[in-house]
Asks: 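Attaching a single structure in structure tokens format; questions to follow.
Whatever order the structure lists ligands and atoms in, that order sets their numbers, starting from 1.
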Amino acid sequence: MGSFVKGYLQASAEEYLGEKIHMGLLGKRIDHITASATVGIADKVSWLKQQGHEVIDFSAGRAFEPTPGYVSRAASEALLAGDTHQTMAQGTPQFRKACADKLLRENSLEADWETEIIATMGVKQALLLGLLGILNTGDEVLVEDPCFVSYPPLVSIAGGRVRRIPLRRENRFRWTKDQLMDSITDRTRVILINSPQNPTGTVHTRTDLEIIAEVARTYDLMVITDEVYEQVTWDGRQHICIATLPGMRKRTITCMGLTKTFSMGGWRIGFIFAPAEIMEGLVKLQAHLLTCTNSFSQAGAAKALSEPPRKEVKELWREWEARCEYMTSGLNAIPGLSCTKPEGGFYAWVDISRTGFTSLQLADKLLEEEKVAVVPGSAFGPNGEGYLRINCVRDRKELQEGLERIRRALTETVNQRL
Ligand code: PMP
């Protein structure tokens with residue numbers, strides 16, 4: 001049947017397999033961009049399912065549950081009431097007011113909804129808008145390595161250059177001040193951060209953020225912060241917005257969304273909170289790129305953000321924490337694998353170095369032999385090699401069955417090697 005995971009990587013072979021892509025008809029801007037590994041694996045999984053295979057999908061970054069009913073109802077009601085037209089480029093007043101209410105209520109950030117908030121088609125688009133808004137060609141962006149698969153392509157689409165700074169296990173997957181200082185050049189313009197972090201599960205503490213803020217202030221850098229998982233932090237940890245730190249509000253572009261925490265991946269809805277001066281440019285860009293974000297998605301999301309998360313949502317997040325605990329302890333018990341419960345977000349970042357496989361080999365083996373889809377760590381950057389990313393918030397039955405299949409795939413081979 002050939003190599004499943006390698007198959008999806010063929011379009012992005014340059015980075016992972018050392019082959020050059022030939023795209024004669026394509027422009028140079030996207031010639032060196034890698035395909036999204038996570039979206040690619042999800043497509044492969046759909047294809048396998050269509051062929052009748054029972055695939056356990058731990059690759060996609062989404063929970064098992066659908067969007068909470070009260071949020072979906074608000075969007076349906078908006079649609080049926082005729083809310084089917086374009087909105088202002090920056091989003092409806094109702095949505096932006098709800099974002100401002102949420103920022104004040106949950107993040108201690110006072111935002112002017114009229115000038116400092118813009119509705120986006122999810123956090124990916126928020127990131128692209130932010131990068132397009134502030135980068136000049138050749139500007140450098142400091143990114144975590146490993147990081148979310150779309151950061152390097154988004155930076156490069158916006159004309160910037162990525163400088164990867166490793167997140168080392170011995171530093172609990174956090175940057176040190178020295179690492180950051182050593183990475184600054186006269187082209188550095190932005191520090192791009194993500195907390196809770198995908199894929200390592202790190203939640204930035206105030207001390208972590210103070211280091212980043214100090215470097216940003218000292219070298220006059222902007223910070224773009226991806227806070228898409230901000231409401232799901234575990235063991236009592238609190239998410240802190242870097243924009244609340246002294247002197248940071250004016251140099252921070254905060255990107256938030258509902259895709260993960262409210263299971264709204266298909267709605268394509270998120271928002272940016274940034275200084276008005278930047279926002280003016282972003283609104284211009286948005287008007288040309290999209291006209292606006294979907295009207296009815298904004299209506300549903302406004303409902304979700306205008307009030308504190310309901311009991312059913314909080315219960316869902318507690319259940320996700322329990323599943324993260326269940327999954328990581330189950331994975332840890334499998335020969336050759338080692339991981340800890342994430343500090344936040346919903347991925348297990350599994351050290352596979354004792355198995356003797358590369359991350360691509362093992363991801364391939366699991367999909368081919370056991371029909372379990374996971375993401376090879378190398379998809380998140382060179383420093384992700386030696387790990388797999390596994391989604392912990394699928395249905396309990398799937399988690400159990402998936403653990404069983406991974407154990408089956410590894411026990412014999414690894415025991416022979418250990
Ligand atoms: N940022 C991170 C860290 C993510 O993991 C993801 C999705 N996997 C996104 C952004 C994309 O978010 P959205 O679906 O809202 O565009």
Asks: Minimum heavy-atom separation for P275 and R249, please, with both atom names.
Replies: CG-O, 3.6 Å
Asks: On the 0 to 90° scale, with breaks at 30° and 60°, tag the F262-W317 ring pair as parallel, tilted or perpendicular.
Replies: perpendicular
Asks: Under the 6.0 Å and 45° cation-pi test, does R310 pair with Y70?
Replies: yes
Asks: Could you pull out every protein residue that has a heavy atom closer than 4.0 Å to ligand 1, ordered by chain and then number?
Replies: G122, V123, K124, F148, Y151, N194, N198, D226, V228, Y229, T259, K260, R268
Asks: With sequence neighbours left out, what residues match Y151 under ring-ring contact (aromatic ring centres under 6.0 Å, His included)?
Replies: F148
Asks: Using distance alone, with no hydrogens and no angle criterion, decide if N107 and E230 have a side-chain donor and acceptor under 3.5 Å apart.
Replies: yes
Asks: If you define the side chain from C-beta out and look only at heavy atoms, does anything of R217 sit under 4.5 Å from M248?
Replies: yes
